[in-house]
Structures are given as structure tokens and as C-alpha cells.
Amino acid sequence: MRVVFGLVLLLGLGLAGFAVYMAQGYIGNYQAQLEAERAASAQVVETTSVFVTTRAVRYGEPLVKDDMRPVLWPVDAIPEGAITTVEDLFPRGFEVPRVALRAMEKDEAVLSIKVSEPGADAGITSRLSAGKRAFAITVDAQTGVSGFLRPNDFVDVYWTGAPPNQEESFGQGITKLIEARLRLIAIDQSADIDTVQAQIAQTVTVEASPQQIAALAQAQSTGNLSLSLVGLDDETVAQVIDVDQGALLGIERQEEVFEQEEQRCTIRTRKGAEVVEIPIPCTQ
């Protein structure tokens with residue numbers, strides 16, 4: 001009887017030990033899974049809704065409700081100007097569409113700079129900055145950089161003509177930088193900045209302040225205007241440039257020097273038969 005009791009006791013102790021071992025393993029696995037879930041939760045990126053296009057959109061096409069849809073976008077990577085709410089997208093209702101100012105591919109984020117105001121078209125008025133005006137400049141293949149100009153490029157404007165005083169330029173006229181880094185907003189009648197085909201334009205439209213436009217209008221009516229294309233990342237400000245034929249050929253102008261005879265004032269006095277001149281300060 002004692003032997004049986006001992007065997008039962010040993011079996012019970014073995015089963016209890018095995019149960020403790022299995023419980024420790026289960027708890028260990030549970031803790032490992034819990035830590036893994038916590039680590040995964042810590043890596044979850046916060047997102048918010050951003051509207052993207054549902055199709056490829058070309059310049060000038062109207063955008064309606066079905067052309068855009070919301071998607072989840074990482075909060076720390078939202079593009080500047082991205083539209084995130086329906087109210088921002090269609091503030092005047094779905095019946096008032098917006099127009100694409102730039103080409104957009106499918107699933108591309110809709111940015112405020114890429115669409116017009118609700119109800120507006122894709123004309124150049126939607127491209128003008130506050131306080132700026134549009135001014136057209138007549139160009140040709142030579143003065144228009146051989147057709148390499150595109151909307152949104154920057155140009156320097158040079159004037160060539162005869163100054164009012166011909167003696168200032170040896171009577172041959174001068175070339176002068178009159179405006180630097182003006183933004184182009186249209187080439188002929190096109191404001192599409194995504195065009196890649198070179199074209200010889202007859203007119204280009206620049207964005208300028210009213211004061212700059214007055215200078216451009218005066219320059220265009222009194223001489224010839226030429227454009228110089230500014231580099232994409234060139235932020236330098238052009239210095240004052242004024243070249244005439246003499247400067248081009250390295251001819252130095254010789255200035256005439258007039259020597260003015262010093263004025264001398266005297267008074268005459270007579271001493272007997274002798275006349276004496278006495279110098280005095282001149283009053284004039």
C-alpha cells in the first residue's frame with residue numbers, strides 16, 4: 001500500500017512539475033508576442049486623408065467629384081498645399097468644378113497650385129501673383145532665345161536703342177539691362193508649363209509690377225527688347241549692365257578739358273605821373 005501511495009505521489013509531483021513547465025513556456029510565449037505587438041504598434045505611422053486623382057489629367061481639363069478620391073497619407077510626408085477635405089476641394093459645391101493648371105498622373109496628390117479656383121478657367125489670370133500684372137513682349141527667333149522659352153521660366157530683359165543724348169554713346173546707341181528675372185506666364189496663347197515642343201513665339205507674356213510694366217512699355221516703344229533665359233536654380237541678381245559701341249570695341253572716350261582763366265581784380269591809383277595797379281578781392 002505504501003508503495004502504491006509513493007508511486008502516486010511521485011506521479012503527482014511529476015505531473016505538477018510538467019504543468020509548471022508548460023505554464024512557464026506559455027507565459028513566456030505570450031509575453032514575447034505581447035512585446036512584438038507593442039513594438040509593431042510603436043512603428044505604426046499616423047495618417048490622414050489626402051485627395052489624389054483617379055485618372056491622368058491634362059492641362060486645362062475640368063476636375064469633377066469622380067476625378068478625385070481620398071487616400072491615407074503619412075502625416076509627416078504630406079506635400080505642401082495638398083487638399084485634405086471635400087470642403088477645401090469643392091468649397092462652392094460639386095456642381096462648380098475646378099480646372100487643372102498642370103498635368104497630373106493617376107493617383108497623384110492634388111495640390112492647390114495645380115488647380116484653379118472653383119469656377120475659374122486655366123487662363124493666365126489664375127497664374128498672376130498678388131500685385132502683379134501681365135505684359136506682352138514682341139519677340140522673334142533671335143530675341144526669344146530660339147524657341148526654348150517655356151511658361152514659368154525666368155528671363156532678363158535687355159533694351160537696345162538710341163539714348164536722348166547721342167553723345168553719351170558716340171551716336172551709335174546702347175544696350176542696357178532694364179529688368180532682371182521676370183517670370184514668363186504664357187508663350188503666344190499657351191500657358192501650359194508641361195509642353196515640351198519648342199516653338200518660335202511671336203509674343204511672350206511676363207509677370208511684372210505696374211512700375212516694371214511702365215518701364216517695359218516705354219522701352220518697347222523706343223527701341224528693341226531682347227530676352228535672356230535665366231538658369232533654373234540661378235538666384236543671383238544681375239548687376240547694372242550698360243554697353244555701347246565704344247565699350248564693346250574698347251574705345252575710351254576722351255573728354256575735352258576746358259581751362260578757365262583765373263579772374264583777377266585790381267584798382268588803379270595814380271601817384272604823380274605813375275599809375276599803380278593794386279589787386280583786390282573779386283566781388284563776383
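Since this is a predicted model, take the numbers as computed values, not measurements.
For the residue pair Arg181 and Gly231, the shortest heavy atom distance occurs at NH1-O, 4.3 Å. In plain terms, the two heavy atoms of Ala134 and Ile213 that are nearest each other are O-CD1, 4.2 Å. The two atoms that bring Leu182 and Glu179 nearest to each other are CD1-CB, 3.8 Å, heavy atoms only. Among all heavy-atom pairs drawn from Pro62 and Pro97, the shortest one is CB-CB, 4.5 Å. Residues Pro210 and Gly131 approach most closely at CD-O, 3.7 Å, considering heavy atoms.
Side chain of Ser116 to backbone of Leu101: no donor-acceptor contact under 3.5 angstrom is found. Ser228 contributes no side-chain N or O that, together with a main-chain N or O of Asp156, makes up a donor-acceptor pair within less than 3.5 Å. Distance alone, capped at 3.5 Å, places no donor-acceptor pair between the Thr205 side chain and the Phe135 backbone. The main-chain N or O of Pro118 is found under 3.5 Å from a side-chain atom of Arg92 such that the two form a donor-acceptor pair.
Between Val157 and Leu227 there is a side-chain heavy-atom pair separated by less than 4.5 Å. Residues Met104 and Leu63 form a side-chain contact, since some pair of their non-hydrogen atoms from C-beta on lies under 4.5 Å apart. Contact check for Thr138 versus Leu225: no side-chain heavy atoms found under the 4.5 Å cut-off. Side-chain contact between Val52 and Trp73: present, with at least one pair of heavy atoms (C-beta onward) separated by less than 4.5 Å. Side-chain contact between Arg183 and Asn152: present, with at least one pair of heavy atoms (C-beta onward) separated by less than 4.5 Å. Here the side chains of Leu216 and Trp159 are not in contact, with every heavy-atom distance at 4.5 Å or above. For the pair Ile178/Gln212, no side-chain contact is recorded, criterion being any heavy-atom separation below 4.5 Å from C-beta on.
Rounding to the nearest 0.5 Å gives a distance of 6.0 Å between CG of Asp107 and OG1 of Thr53. Atom OG1 of Thr203 and atom CG of Asp140 lie 12.0 Å apart (nearest 0.5 Å). Taking CZ of Phe154 as the start and CG of Leu229 as the end, the distance is 11.0 Å to the nearest 0.5 Å. Distance check, rounded to the nearest 0.5 Å: CG of Asp67 to CZ of Arg55 gives 4.0 Å.
Ion pairing between Arg58 and Glu105 holds under the 4.0 Å rule for side-chain N and carboxylate O. Salt-bridge formation is not detected for the pair Lys132/Glu207: no Lys NZ or Arg NE/NH1/NH2 atom is positioned less than 4.0 Å from an Asp or Glu carboxylate oxygen. A salt bridge does not link Arg102 to Glu108: none of the charged nitrogens lies less than 4.0 Å from a carboxylate oxygen.
Looking only at atom types and distance, the side chain of Thr84 has no donor-acceptor partner in the side chain of Ser49 under 3.5 Å away.
Linking Ile, Leu, Val, Met, Phe, Trp and Tyr residues whenever their side-chain heavy atoms come within less than 4.5 Å leaves Val230 and Ile187 in two separate clusters. Residues Ile83 and Leu111 do not share a hydrophobic cluster, clusters being chains of Ile/Leu/Val/Met/Phe/Trp/Tyr side chains in contact below 4.5 Å. No chain of hydrophobic side-chain contacts below 4.5 Å, direct or via other Ile, Leu, Val, Met, Phe, Trp or Tyr residues, connects Val71 to Val86.
The ring pair (Phe, Tyr, Trp, His ring centres under 6.0 Å) check on Phe90 picks up Phe94, with sequence neighbours excluded.
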